[in-house]
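These numbers come from a predicted model, not from an experiment.
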Amino acid sequence: MEKNMFLKKALAVLLALCVVFGANACALAAFAGDEEVDYLLMGDSIAEGYGVSNPDEASYGAIVANTNGYNYHNIARSARTSGKLLEQITEKEDVRELIADAEIISLSIGGNDYFTDRDIVAMAAGLVFGVELPKYKQLTVQMAENFAKIIETIKELNPDVLILVQTVYCSWYGILGNAYMHGTNSVNKVIYDYLEENPGAFEIVDVASAMNGHKEYIAIDTVHPNGEGNVVIARLVLAKLNELGLSENTEPVIIAEGIGYDYYIQEYGEFAGRIFGFIVRLATGHNVFV
C-alpha cells in the first residue's frame, strides 16, 4: 500500500514537472530510462550533411549521436523548402512515426525558400540596387506560415519532443553575399518571432552567429559546412543539450574526420566542374584555388 502511494506521488511530481517546464522536463525523464534516445534530423542539405562525402560518420547530427550514444535518424534532404518539409510530415506515415518516436529533433529549414526560388536572380539583382522586390516579402510570409504549421504538426504528433531549431548562416560575401544575408536574416526573424509568440515551443541553436564570417567552416561548394563546420555545429547542439540538463557532454566525440566533397566536380565532371567551381568561388568571395 505504501509503495503504491509512493509511486502515485512520484508520478504526480513528474507530471507536474512536465506541465511546468514543458518538453524539456519530459525529455529529461525519457533520458533517465534505459532505452536509447531517438534523435531525428529534419530539413535541408545542411542537416543532411551535404558538405562532406561521409555524412553518416561526420555530419553534425552523426557526431552528436555518436557523442551521446543516441539512436540516430536523418531524413533531411538537399534543396528541401519549408513547403516540401510540411508535405513530408503531413503526408508520409513513416516520417510521422519517426517524429512520434523521437525524444530530440534537430531542424534546419528556410534557406531554400529563397535560394531555390526561380526568381532568386531577379531578387538578388534588385537588392544590389537597394530594391527589395515584392517576391521577397511573399516568400517570407509563406515561409512563416509553413514554419508555424511544421512546429505545430510536430507537437501534435509528439507533444513531449524537444525541438532544436537552427538559425541559418550566410556563407557568401560581397554583392551576392548581401542578397544571401538578406534571405538568412528573413528566415531567422521568422524563427525568433515565432518563439517570442510561442514561448517554449522549441529551443534555438544559433548556428548563424557561429558560422557567419568563417570561410574556414564552409565546404568547397561555398554553401554547406565542411568537416570542421560540422564539428562547430555539433558543439553548439551539445552545448544546448548541456544547458538544458540533458547531456553531460559538451565536446564532440569524433570517430571520423569529415572528407571534403566537391559538388561541382561530382556534378559536372573534372574539367567543367573545376571551371564552374572557380567561377562560383570567385563570385562569392571564397578562395578560388582549391
Is there a donor-acceptor contact under 3.5 Å linking the side chains of [X] and [Y]?
X    : Y    : result
Y50  : S59  : no
H182 : N185 : no
T250 : N242 : no
Y264 : D262 : no
Q88  : R80  : yes
Q142 : N146 : yes

About how many Å separate [atom2] of [Y] and [atom1] of [X], when rounded to the nearest 0.5 Å?
X    : Y    : atom1 : atom2 : result
L41  : I46  : CG    : CD1   : 12.0 Å
E203 : K240 : CD    : NZ    : 5.0 Å
I154 : L107 : CD1   : CG    : 5.5 Å
I254 : N66  : CD1   : CG    : 8.5 Å
S106 : L40  : OG    : CG    : 8.5 Å
M211 : C170 : CE    : SG    : 11.0 Å

Nearest non-hydrogen partners of [X] and [Y], listed with the distance:
X    : Y    : result
G200 : L195 : N-CD1, 4.0 Å
E251 : T67  : O-CG2, 3.8 Å
A62  : P55  : CB-O, 3.7 Å
G43  : I109 : CA-CD1, 4.1 Å
A102 : N158 : O-ND2, 2.7 Å
A58  : A256 : CB-O, 3.8 Å

Pairwise side-chain contact, I99 with I89, heavy-atom cut-off 4.5 Å (strictly under):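 Side chain of I99 against side chain of I89, heavy atoms only: contact under 4.5 Å found.
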Side chains of L98 and I75, heavy atoms from C-beta outward: is any pair under 4.5 Å?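 Yes, side chains in contact.
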Determine whether the aromatic ring centres of Y169 and H214 lie less than 6.0 Å apart. no
Taking the six-membered ring for Trp, are the ring centroids of F147 and F202 within less than 6.0 Å of each other?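 Ring centroids of F147 and F202 are less than 6.0 Å from each other.
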Does the side chain to side chain contact (heavy atoms under 4.5 Å, CB included) test come out yes or no for T81 and L85, once each step is laid out? CA-CA 6 Å; T81 62; L85 177 58; over 6 Å; no
Joint hydrophobic cluster, [X] plus [Y], side-chain heavy atoms closer than 4.5 Å:
X    : Y    : answer
Y261 : Y217 : no
L282 : F289 : yes
I265 : F276 : no
I218 : M181 : no

Audit row: N112, D44, side chain to side chain donor-acceptor pair (under 3.5 Å) steps and yes/no: CA-CA 8 Å; N112 288 320; D44 54 27; 4.6 Å; no
Test S82 against D113 for side chain to side chain donor-acceptor pair (under 3.5 Å), laying out the working first. CA-CA 7 Å; S82 63; D113 288 50; 2.5 Å; yes
Please determine whether a side-chain nitrogen of the Lys or Arg among E152 and K155 lies less than 4.0 Å from a carboxylate oxygen of the Asp or Glu. no
Under 4.0 Å between a Lys/Arg side-chain N and an Asp/Glu carboxylate O for K149 and E145? no
Pick from N71, V64, L241, L162: which one makes a side chain to side chain contact (heavy atoms under 4.5 Å, CB included) with Y39?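 Among N71, V64, L241, L162, the one that satisfies the side chain to side chain contact (heavy atoms under 4.5 Å, CB included) with Y39 is V64.
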Determine, stepwise, if the pair N287 / R281 fulfils side chain to side chain contact (heavy atoms under 4.5 Å, CB included). CA-CA 6 Å; N287 181 12; R281 289 189 288 274; 5.9 Å; no
Worked verdict on Y173 versus H286 for ring pair (Phe, Tyr, Trp, His ring centres under 6.0 Å): CA-CA 8 Å; Y173 303 87; H286 285 263; 5.6 Å; yes
Would you indicate whether [X], at its atom [atom1], is surrounded by more than 12 heavy atoms from other residues, nucleotides or ligands within a distance under 6.0 Å?
X    : atom1 : result
E257 : CD    : no
E93  : CD    : yes
E216 : CD    : yes

Among D206, T184, N188, whose side-chain hydrogen bond (donor to acceptor under 3.5 Å, both in side chains) with T167 holds?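 Output: one option passes, namely D206.
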Between H224 and S45, is a side chain to side chain contact (heavy atoms under 4.5 Å, CB included) present by the stated rule, with each step listed? CA-CA 8 Å; H224 301 97; S45 54; 2.6 Å; yes
Tell me who clusters with V52, hydrophobic residues only, linked when side chains sit under 4.5 Å apart either directly or through other members. none
The test is side chain to side chain donor-acceptor pair (under 3.5 Å); show your working for Q166 and Y60 and say whether it passes. CA-CA 12 Å; Q166 298 166 202; Y60 67 86; 2.7 Å; yes
